[in-house]
Amino acid sequence: MQTGDITLNDPYTVPYRGIYAVCDAKNEYAEIIEHSNCYSGASWSLYHYAKAPLILKARSNGNMIRYFVKTGTSNLELKASIAAAGIESVIVEGDEVQVTYAGLGGGGVGATRCRAFADGVLRYKLTESGGERCAKGTIIIPRRNRVLIGIDDTDSKETGATWTLTHNIASELDCPDAVYLSHALVQLFPVPEKTQNCMSTVLEFGCKDEKAKERLVEALKKALEKYSASSETGMVVLTDFYAEGLYEYSNRCRTERVSKEYALSCAKENDVEVVLDGNGVIGAMGALPWFGRPQESIVPGTEIKPLID
């Protein structure tokens, strides 16, 4: 530990680790996902930003704050200590997304410099911030598609754990073109074939384009084939903003025994790509819609519901 004088190059800026925009197919809705370096500051943002007109739902997953938004522009009515910062606009143009933030005082610092210097920001435009100022900042970030990867049965009675293997692989494959956004363990109905706890996993990535997705899927498949301790590994892939088409299947998979034939039928009906077709495909399919809900997905029998009403 340094005990003498310290030198801070930028004492009033705490850059976010990364800010990402995942959009639906029509660019009508987006999820702005902010990976923070200071959880308390992000919690402050969560409280205040949730009141902004564009925000349909705001939630926290560890040190990632997720804002489900309607794209467009709104009028923010900022009030000190009550609604002191927010997202003013989210505009999708081609393969880029422009997000404009505004804030008062320290909230203005967060709205400008802290977000502008996040990894992945392509360009930015800022006003002066800090003190009593009302500040605005616009960042331009890549538009991404949500790519969900369900995985199950990578372990055996003697070794392994699906949740650890999948997280380690995903962490290695995390890159600017295919950002690793979330990991959720999903409690399934405990069938006799289970290893122990009967859990599957869903990985969520934000991919810039189809080529990035293809590279990701191929690399992940190879890693599973290399490290899986089971011959029944299942791996499925879905590119979808909501994954609502799999709610019924997942709810059944968590409350009763379902067949592999039913799983494959649901995969075909919902444009899910079956990459590895071992018996684990049953649980892998059931995990897909639980992306970004790790606190709910671990509770046995919990019914999955839409992100917004």
Side-chain angles (χ1 to χ4, degrees), residues 144-240 243 246 249-250 253 257-292 294 297:
R144 299 178 186 272
N145 291 313
R146 195 184 325 272
V147 176
L148 305 172
I149 302 175
I151 301 168
D152 198 13
D153 281 4
T154 69
D155 52 0
S156 69
K157 298 288 185 181
E158 293 76 30
T159 187
T162 296
W163 75 272
T164 54
L165 176 60
T166 53
H167 173 69
N168 287 334
I169 293 173
S171 296
E172 286 295 316
L173 296 179
D174 180 33
C175 67
D177 288 343
V179 174
Y180 176 29
L181 296 175
S182 75
H183 174 288
L185 284 68
V186 181
Q187 180 64 63
L188 305 171
F189 182 73
V191 297
E193 295 87 348
K194 67 183 177 68
T195 305
Q196 188 60 264
N197 293 314
C198 207
M199 308 283 290
S200 59
T201 299
V202 57
L203 303 173
E204 177 193 14
F205 284 84
C207 292
K208 286 184 179 179
D209 51 37
E210 188 65 22
K211 288 184 178 179
K213 171 192 167 182
E214 291 173 358
R215 290 194 296 267
L216 169 69
V217 170
E218 183 59 29
L220 213 156
K221 176 188 176 184
K222 288 182 178 179
L224 286 177
E225 290 174 332
K226 179 178 181 179
Y227 291 106
S228 176
S230 169
S231 61
E232 294 293 344
T233 300
M235 173 183 167
V236 296
V237 180
L238 174 64
T239 302
D240 192 83
L246 292 170
Y249 173 88
S250 183
C253 201
R257 182 187 182 94
V258 301
S259 68
K260 183 177 180 181
E261 290 73 23
Y262 176 51
L264 294 174
S265 174
C266 285
K268 185 175 181 180
E269 291 173 3
N270 290 278
D271 296 322
V272 177
E273 178 185 358
V274 179
V275 179
L276 296 174
D277 64 357
N279 284 335
V281 73
I282 301 170
M285 283 285 294
L288 286 173
W290 287 97
F291 67 91
S297 61

With sequence neighbours excluded, residues passing side chain to side chain contact (heavy atoms under 4.5 Å, CB included) with [X]:
{"X": "D271", "value": "none"}
{"X": "L264", "value": "K260, V274, V281"}
{"X": "Y227", "value": "L165"}
{"X": "S230", "value": "D153, S228, E232, T233"}

Partner set under side chain to side chain donor-acceptor pair (under 3.5 Å) for [X], not counting sequence neighbours:
{"X": "T166", "answer": "H183"}
{"X": "S297", "answer": "none"}
{"X": "N145", "answer": "R143"}

Requested in this report: Might you work through the side chain to side chain contact (heavy atoms under 4.5 Å, CB included) test for I151 and L220, ending with a clear yes or no?
Outcome: CA-CA 10 Å; I151 301 168; L220 213 156; 3.7 Å; yes
Heavy-atom side-chain contact between [X] and [Y] under 4.5 Å:
{"X": "V272", "Y": "L246", "result": "yes"}
{"X": "F291", "Y": "R146", "result": "yes"}
{"X": "C253", "Y": "M285", "result": "no"}
{"X": "D152", "Y": "L188", "result": "yes"}
{"X": "V179", "Y": "D174", "result": "yes"}

Requested in this report: Begin with the C-alpha distance, continue with both residues' side-chain angles, and end with the deciding distance and a verdict on side chain to side chain contact (heavy atoms under 4.5 Å, CB included) for L203 and T201.
Outcome: CA-CA 7 Å; L203 303 173; T201 299; 4.2 Å; yes
Query raised in the report: Who pairs with Y249 by ring-ring contact (aromatic ring centres under 6.0 Å, His included), at least two apart in sequence or on another chain?
Result: Y262
Query - Closest heavy-atom pair and its distance - G286, P289 - result: O-CD, 3.7 Å
Query raised in the report: Taking all atoms of both residues into account, what is the closest heavy-atom pair of S259 and I282, and its distance?
Result: C-CD1, 4.0 Å
Side-chain donor/acceptor pairs under 3.5 Å, residues 205-212, sequence neighbours excluded:
from, atom 1, to, atom 2, distance (Å)
K208, NZ, D177, OD1, 3.4
D209, OD1, K211, N, 3.3
D209, OD1, A212, N, 2.8

Nearest 0.5 Å please: distance from the [atom1] atom of [X] over to the [atom2] atom of [Y].
{"X": "W163", "Y": "N168", "atom1": "CH2", "atom2": "CG", "result": "8.5 Å"}
{"X": "I149", "Y": "L173", "atom1": "CD1", "atom2": "CG", "result": "8.5 Å"}
{"X": "S231", "Y": "N279", "atom1": "OG", "atom2": "CG", "result": "8.5 Å"}

Report task. Any pair with a residue in residues 274-292 that passes salt bridge (Lys or Arg N to Asp or Glu O under 4.0 Å), sequence neighbours left out, goes on the list, sorted by first then second residue, please. Result -> none
Report summary line: Only one of E172, E204, H167 passes side chain to side chain donor-acceptor pair (under 3.5 Å) with Y180, and that residue is H167
Report summary line: With V237 as partner, the option from K213, K221, E214 fulfilling side-chain contact (heavy atoms from CB on, under 4.5 Å) is K213
